[in-house]
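First the structure, then my questions, so here it is.
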Protein chains: 2
Amino acid sequence: MENKIRVLRAEKNWTQEDLAGAVGVSRQTINAIEKGKFDPSLPTAFRIARLFGQPIEAVFLYGD
Amino acid sequence: MENKIRVLRAEKNWTQEDLAGAVGVSRQTINAIEKGKFDPSLPTAFRIARLFGQPIEAVFLYGD
DNA sequence: TTTACATGTCAAGTTTTATTAACATTAGAA
DNA sequence: TTCTAATGTTAATAAAACTTGACATGTAAA
């Protein structure tokens with residue numbers, strides 16, 4: 001699944017570690033999600049989307 | 001995490017098995033999600049929400 | 001060039017999500 | 001009441017998400 005985390009994070013000038021801390025996961029987890037190595041859990045997806053003030057569908061792009 | 005699956009499913013007159021088949025998971029998985037025993041994965045949440053023509057946030061209620 | 005910070009990646013382990021199979025319970029129709 | 005479909009629940013297992021720790025690379029500033 002694609003996602004817009006890298007762009008949204010850049011807009012906020014946040015490092016992966018900043019985001020990880022705010023979301024409550026490890027830096028490696030943010031890196032892996034960002035690079036598409038796996039999908040976040042639903043609660044993690046909710047927290048990420050909320051931090052960026054976006055609906056989940058605007059951050060994570062599923063299928064079509 | 002709360003969800004509105006039971007109500008949305010009732011509106012469509014779908015059984016748990018109908019929904020499970022459409023989503024591509026087992027009936028027990030739908031039952032467990034519906035009863036809040038665990039949260040679906042993000043891809044599963046996307047498929048459920050799309051089947052009901054709703055954004056994820058309208059089907060799954062996180063926090064608040 | 002060296003220092004410092006950000007990112008990439010890997011291995012090994014834990015927790016969570018999802019599976020199949022089996023059986024119990026509930027509710028409604030015959 | 002009896003039969004049947006739907007739902008509830010449990011056990012054992014597999015797969016995916018996430019962890020810590022360690023180390024490599026990239027990039028930019030001193």
Side-chain angles (χ1 to χ4, degrees):
Chain A
M1 186 174 336
E2 279 178 48
N3 68 76
K4 301 237 181 288
I5 296 175
R6 180 156 309 225
V7 179
L8 293 163
R9 193 167 58 75
E11 285 173 8
K12 300 267 190 187
N13 277 315
W14 287 346
T15 67
Q16 291 181 344
E17 193 160 22
D18 290 337
L19 180 57
V23 171
V25 297
S26 70
R27 178 184 69 81
Q28 290 88 331
T29 291
I30 293 297
N31 183 271
I33 293 168
E34 223 176 87
K35 304 214 87 201
K37 294 199 75 183
F38 55 72
D39 301 314
S41 70
L42 186 56
T44 297
F46 261 100
R47 280 185 250 113
I48 292 172
R50 283 196 181 171
L51 275 165
F52 291 125
Q54 297 286 332
I56 288 181
E57 283 87 349
V59 181
F60 300 96
L61 282 48
Y62 180 70
D64 292 54
Chain B
M1 187 178 330
E2 279 179 48
N3 69 74
K4 301 235 182 292
I5 296 176
R6 182 158 308 227
V7 178
L8 293 163
R9 192 167 58 74
E11 285 173 9
K12 301 267 191 186
N13 277 316
W14 288 346
T15 65
Q16 291 182 343
E17 192 159 24
D18 291 337
L19 180 57
V23 172
V25 297
S26 70
R27 177 185 69 81
Q28 289 89 331
T29 292
I30 293 296
N31 183 271
I33 293 168
E34 222 176 86
K35 303 213 87 201
K37 293 200 76 184
F38 55 72
D39 300 315
S41 69
L42 185 55
T44 297
F46 261 101
R47 281 187 251 109
I48 292 172
R50 283 197 180 170
L51 275 165
F52 291 125
Q54 298 285 332
I56 288 180
E57 283 87 349
V59 181
F60 299 95
L61 281 48
Y62 180 70
D64 300 37

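Computed over heavy atoms, backbone and side chain alike; hydrogens, waters and symmetry mates excluded. Protein chains get the first letters and strands the later ones, always in sequence-line order, with residue 1 at the start of each.
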Proximity to the side chain of Arg9(B) - top-ranked nucleotide from dA18(C), dG8(C), dT7(D):
dT7(D)
Do any side-chain nitrogens or oxygens of Asn31(A) fall under 4.0 Å of OP1 or OP2 in dG8(C)?
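It does, given that an N or O in the side chain of Asn31(A) lies less than 4.0 Å from OP1 or OP2 of dG8(C).
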Asp39(A) CG to dC18(D) P, straight-line distance once rounded to whole Å:
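Distance, rounded to whole Å: 9 Å.
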Nearest whole angstrom, please: distance from the C1' of dA18(C) to the NZ of Lys35(B).
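Nearest whole value for this atom pair: 18 Å.
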So, is Ser41(A) near the phosphate of dC18(D), with a side-chain N or O under 4.0 Å from OP1 or OP2?
yes
Rounded to whole Å, how long is the line connecting atom CD1 of Ile33(A) with atom C1' of dT19(D)?
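It works out to 13 Å between those atoms.
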Spacing between Phe38(B) atom CZ and dC18(D) atom C1', to the nearest angstrom
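Value for this atom pair: 17 Å.
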So, Arg9(A) side chain and Trp14(A) main chain: donor-acceptor pair closer than 3.5 Å or not?
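Yes: the side chain of Arg9(A) pairs with the backbone of Trp14(A).
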What's the closest nucleotide to the side chain of Arg6(A) if the choices are dG8(D), dT20(C), dT7(C)?
dT7(C)
Separation of atom CD in Glu17(A) from atom C1' in dA4(C), rounded to whole Å
13 Å
Does Thr29(B) make a side-chain N or O approach to OP1 or OP2 of dT19(C) shorter than 4.0 Å?
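So the side-chain polar atoms of Thr29(B) do come within 4.0 Å of the phosphate oxygens OP1 or OP2 of dT19(C), strictly under.
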So, does the side chain of Gln28(A) form a donor-acceptor pair with the base of dG21(D) at under 3.5 Å?
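Yes, a donor-acceptor pair under 3.5 Å.
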Of the listed nucleotides (dT9(C), dC18(D), dG8(C)), which one gets closest to any side-chain atom of Gln16(A)?
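Closest of the options to the side chain of Gln16(A): dG8(C).
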Touch check for Ser26(B), heavy atoms < 4.0 angstrom, all strands: base, sugar-phosphate only, or nothing?
base
Just by distance, do the side chain of Asp18(B) and the backbone of Thr15(B) share a donor-acceptor pair under 3.5 Å?
yes
Donor-acceptor contact present, side-chain Asn31(B) to main-chain Gln16(B), <3.5 Å:
no
Nearest-angstrom distance from the residue atom CZ of Arg47(B) to P of dA18(C):
9 Å
Ion pair check, Glu34(A) and Arg6(A), cut-off under 4.0 Å:
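So Glu34(A) pairs with Arg6(A) through a salt bridge.
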Could you tell me how far apart Trp14(B) (CH2) and dT7(D) (C1') are, to the nearest whole angstrom?
18 Å
5' priority, DNA chain D, between Pro43(B) and Glu34(B) [closest heavy atom]:
Glu34(B)
Between atom NZ in Lys37(B) and atom P in dT15(C), what is the gap in whole Å?
18 Å
If you find the nucleotide of DNA chain D closest to Arg27(A) and the one closest to Arg27(B), which residue's nucleotide is nearer the 5' end?
Arg27(B)
Taking only the side-chain nitrogens and oxygens of Thr44(B), find out if one of them lies under 4.0 Å from OP1 or OP2 of dA18(C).
yes
For Glu17(A), I'd like to know if atom CD has over 12 heavy atoms of other residues, nucleotides or ligands within 6.0 Å.
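12 or below, so no.
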